[in-house]
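Throughout, a chain's letter reflects where its sequence line sits, starting with A, and its residues are numbered from 1. Since the structure is predicted, the reported quantities are computational estimates derived from the model, not experimental observations.
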Amino acid sequence: MKTRRALGLVGEEARVRGWVYRKRDLGGKIFVVVRDSEGVMQVVVDRATAPPEAVRAAEAATIESAVEAWGRVEADPRAPGGAELRAEGFVLHSRAEDFPIKGGEGVDYLLDVRHLWIRSRRLTAVWRLRHVALHAMRRYLDENGWWEVSPPILTQSAVEGGATLFEVNFFGRKAYLSQSAQFYLEALIYSLERVWSLTTSFRAERSRTRRHLYEYWHLETEEAWARMRDSMRVAAELVAAAVRGVLEGASEELSLLGRSTEPLERAARPDYPSITYDEAVELLRRKGVSVEWGDDLGADEERVLTGYFDTPFFVTHFPKHLKSFYMKPDPGRPEVVLGFDLLAPEGYGEVIGGSEREDRYEALLARIREEGLNPDEYRWYLDLRRYGSVPHSGFGLGVDRLVMWIAGLDHIRDSLPFPRFRDRIYP
RNA sequence: GCCGGGGUAGCUCAGCGGUAGAGCGCCGGGCUGUUAACCCGGUGGUCGGGGGUUCGAAUCCCCUCCCCGGCGCCA
């Protein structure tokens, strides 16, 4: 049985198995803290009362050895969790060699032994929290009429800039790892209308920040007939659903991670404020940041802006030249586009980017040419505007960034088990 | 790509021209209740790699590789 259940069986017999988390061998007793997928439990092997073979096994057990123990559960305030197993039997299933992680190691070293580091209680709590957040978002989409679809990862052309593509050899031809499923989702709205996907996206930007991965988990939506505001509402509801899901289903993980729940409670309702790019520039100037209209909002600017809000918030209507060619210009103000970002508070920054898409063939073609892109490469994408084009909008959510904010992590690498960032590809 | 910091024992680091060090870990011993247990003893090194200066280089110089923090780019 799991340690969590065994801890509640005071006065009864229990049997637990797992890995040695801590071991303290005193003269008369051996204390072995056993870790499993649900927590830890202390096993006490008493040299005076336990069978000799159990004592020998406990003596031989090293940190991270796989063990199994059985006996009576007794309440004891000195035991972690308030109860412990008084061993009547103890078996060493597999003795671990000297475990290379003892505590106090540096990040570089720990990343080299990431396959072992991921056993830590802290990281385990993150994976659980992540599961809960993803589950909550999937459930929200499912209950609101969205179809989950499976777009390709191997693609021929870019969605974002071409300089940041990972190239692969496709039987002698060049192909690329997907940066975004957006174009494929756009193709699917003509039959399913509301679609979403969860895929890995790849960006070969040589970023050295704590919020970039080369390979990240991308939750994207696309909806026919939807305007920018419709898409923003979905984005807010999706994030709020994830936050609520974690508050309800991962409260122990939040507390193990030392995460304050106050910012999360404020974000549990999807009524996030929204400002335009123009207003953002105005707010920044008021704080003494020197920005000109048309400048991109960098990390410093984002940080200042997040100081104005204590919930996630939107920034909308960016200057056209700052954003991708597929975003639709505002009909009343063609120098800005109907695009939006959702920024997480507490300095975490951009979690979602979305827009209403350009749905007119000629306008899209003109924008592709304006950007110096080759229209031939976007032929099938342009085709979508030739056969029953409709207004549509969508967004992409960085799952890892959302988890990073919800869990209160100080680096995106710990939002997933084997992060691909910097020059790390091992393990 | 740019700016800054750093590579010395298994790990974290000190040493910064004159015989390679500490703490932790590990191994052995002790201890009837530990919470990263404690006490005693032992173990441990291509000083990231290459070249140079010097009587002598971990230490100074050049090249190179790797790591960390930040910027830009984005999710």
Side-chain angles (χ1 to χ4, degrees), chain A residues 21-33 40-50 62-63 74 76-82 84 86 97-113 117 120-121 159-164 178-182 198-220 235 239 295-303 318 322-324 339-344 348-354 395-405 410-413 415-416 421-424 426:
Chain A
Y21 181 64
R22 300 271 187 267
K23 182 183 147 185
R24 287 171 280 270
D25 186 349
L26 279 70
K29 294 189 174 86
I30 304 169
F31 298 89
V32 182
V33 180
V40 296
M41 183 177 199
Q42 176 161 281
V43 174
V44 184
V45 182
D46 192 329
R47 282 192 165 89
T49 60
T62 50
I63 300 296
E74 298 291 351
D76 194 309
R78 295 168 293 188
E84 63 190 16
R86 305 276 166 84
E97 292 177 32
D98 182 26
F99 199 65
I101 302 172
K102 334 256 184 202
E105 291 85 0
V107 172
D108 182 32
Y109 174 77
L110 287 169
L111 285 168
D112 284 340
V113 292
W117 187 18
S120 81
R121 297 188 73 197
V159 173
E160 308 293 341
T164 62
S178 171
Q179 296 174 310
S180 166
Q182 182 191 321
L198 176 60
T199 62
T200 42
S201 278
F202 300 85
R203 304 260 168 114
E205 307 153 347
R206 293 187 75 82
S207 305
R208 293 196 61 90
T209 78
R210 57 180 73 188
R211 40 198 278 261
H212 281 85
L213 296 165
Y214 296 135
E215 176 185 25
Y216 68 98
W217 287 84
H218 209 173
L219 194 166
E220 293 171 275
V239 168
D295 289 351
D296 208 350
L297 306 179
D300 291 339
E301 289 78 21
E302 271 191 12
R303 220 164 286 129
F318 293 91
L322 294 178
K323 293 292 179 180
S324 297
F340 64 90
D341 285 350
L342 182 72
L343 309 197
Y348 280 92
E350 189 172 353
V351 167
I352 285 178
F395 62 83
L397 177 154
V399 172
D400 321 283
R401 285 191 180 172
L402 182 67
V403 169
M404 182 187 174
W405 167 62
D410 56 16
H411 202 296
I412 198 165
R413 66 177 160 237
S415 68
L416 74 178
F421 74 112
R422 300 295 168 89
D423 288 319
R424 287 193 172 274
Y426 174 94

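Checking B/C74, B/G72, B/G69 against the side-chain heavy atoms of A/R401 singles out B/C74 as nearest. The side chain of A/D25 approaches B/C31 more closely than any other nucleotide in the set B/G33, B/C31, B/A75. Closest approach to the A/E205 side chain among B/C74, B/G69, B/U34 is made by B/C74 (side chain taken as heavy atoms from C-beta onward). Comparing B/G33, B/C26, B/G1 by their closest approach to the side chain of A/D98 singles out B/C26. Counting only heavy atoms from C-beta on, A/R210 has its side chain closest to B/G70 among B/A75, B/G33, B/G70. Among the nucleotides B/G69, B/C73, B/C31, the one closest to the side chain of A/T209 is B/C73. Among the nucleotides B/G69, B/C73, B/C74, the one closest to the side chain of A/E350 is B/C74. Checked against B/U32, B/G1, B/G70, the side chain of A/K29 finds its nearest nucleotide in B/U32.
Between the C1' atom of B/C38 and the CZ atom of A/R22 lies a distance of 16 Å, rounded to the nearest Å. When the P atom of B/G33 is taken as reference, atom CZ of A/R47 falls 12 Å away, rounded to whole Å. Atom P of nucleotide B/U34 and atom CD1 of A/I30 are separated by 16 Å, given to the nearest angstrom. In this structure, CD1 of A/I412 is placed 16 Å from C1' of B/G70, rounded to the nearest angstrom. For the pair A/H411 NE2 and B/C67 P, the interatomic distance rounds to 13 Å; values are reported in whole Å. Nucleotide B/A75 holds its P atom 13 Å from the CG atom of A/D400, rounded to whole Å. In this structure, the CE atom of A/M41 is 16 Å from the C1' atom of B/U34, given to the nearest Å. As a whole-Å value, the separation of A/L297 CG from B/C71 C1' is 15 Å.
Side-chain to base pairing of A/T164 with B/C73: no donor and acceptor N or O lie closer than 3.5 Å to each other.
B/U54 and B/C62 have their C1' atoms separated by 16 Å, given to the nearest Å. On the P atoms, B/G45 is 13 Å away from B/A22, given to the nearest whole Å. Between B/G51 and B/C13, the two P atoms lie 29 Å apart (nearest whole Å). Here, B/C71 and B/A14 have their C1' atoms 32 Å apart, quoted to the whole Å. Spacing between B/G23 and B/C63 at atom P, rounded to whole Å, works out to 39 Å. Taking the C1' atom of each, B/C2 and B/C73 are spaced 13 Å apart, rounded to whole Å. The gap from the C1' atom of B/A9 to that of B/G15 amounts to 14 Å, rounded to the nearest Å. Taking atom P on both B/G44 and B/G50, the two are 24 Å apart, rounded to the nearest angstrom.
Every residue two or more places apart in sequence or in another chain was checked for a salt bridge (charged side-chain N to carboxylate O under 4.0 Å, His left out) with A/R210, and none qualifies. Remark: A/F395 engages no residue in a ring-ring contact (aromatic ring centres under 6.0 Å, His included) (not counting sequence neighbours). Residues meeting the side chain to side chain donor-acceptor pair (under 3.5 Å) test with A/R121, sequence neighbours left out: none.
Centre separation under 5.5 Å together with a plane angle under 30° does not hold for the ring of A/F31 and the six-membered base ring of B/G33, so they are not marked as stacked.
Using a 4.0 Å heavy-atom distance criterion, A/L111 is classed as a sugar-phosphate-only contact. At a threshold of 4.0 angstrom between heavy atoms, the contacts of A/V107 with the nucleic acid are absent. If you check every strand for non-hydrogen atoms under 4.0 Å, A/D296 touches sugar and phosphate atoms only.
Map A/F99 and A/I352 each onto its nearest nucleotide of RNA chain B; the residue landing nearer the 5' end is A/F99.
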Check: protein-nucleotides 3-11 of chain B nitrogen or oxygen pairs below 3.5 Å:
none

Let me see the working for A/L219 and A/L402 under side chain to side chain contact (heavy atoms under 4.5 Å, CB included), right down to the final yes or no.
-> CA-CA 11 Å; A/L219 194 166; A/L402 182 67; over 6 Å; no
Could you list the donor-acceptor pairs under 3.5 angstrom formed by side chains in residues 25-32 of chain A, with sequence neighbours left out?
| unit_1 | atom_1 | unit_2 | atom_2 | d |
| --- | --- | --- | --- | --- |
| A/D25 | OD1 | A/R47 | NH1 | 2.9 |
| A/D25 | OD1 | A/R47 | NH2 | 3.3 |
| A/D25 | OD2 | A/R47 | NH2 | 3.3 |

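A donor-acceptor pair under 3.5 Å is formed between the side chain of A/T209 and the backbone N or O of A/R211.
Within the structure, salt bridge (Lys or Arg N to Asp or Glu O under 4.0 Å) contacts touching residues 101-113 of chain A (residues at least two apart or in different chains) are A/D98-A/K102, A/D108-A/R424, A/D112-A/R424.
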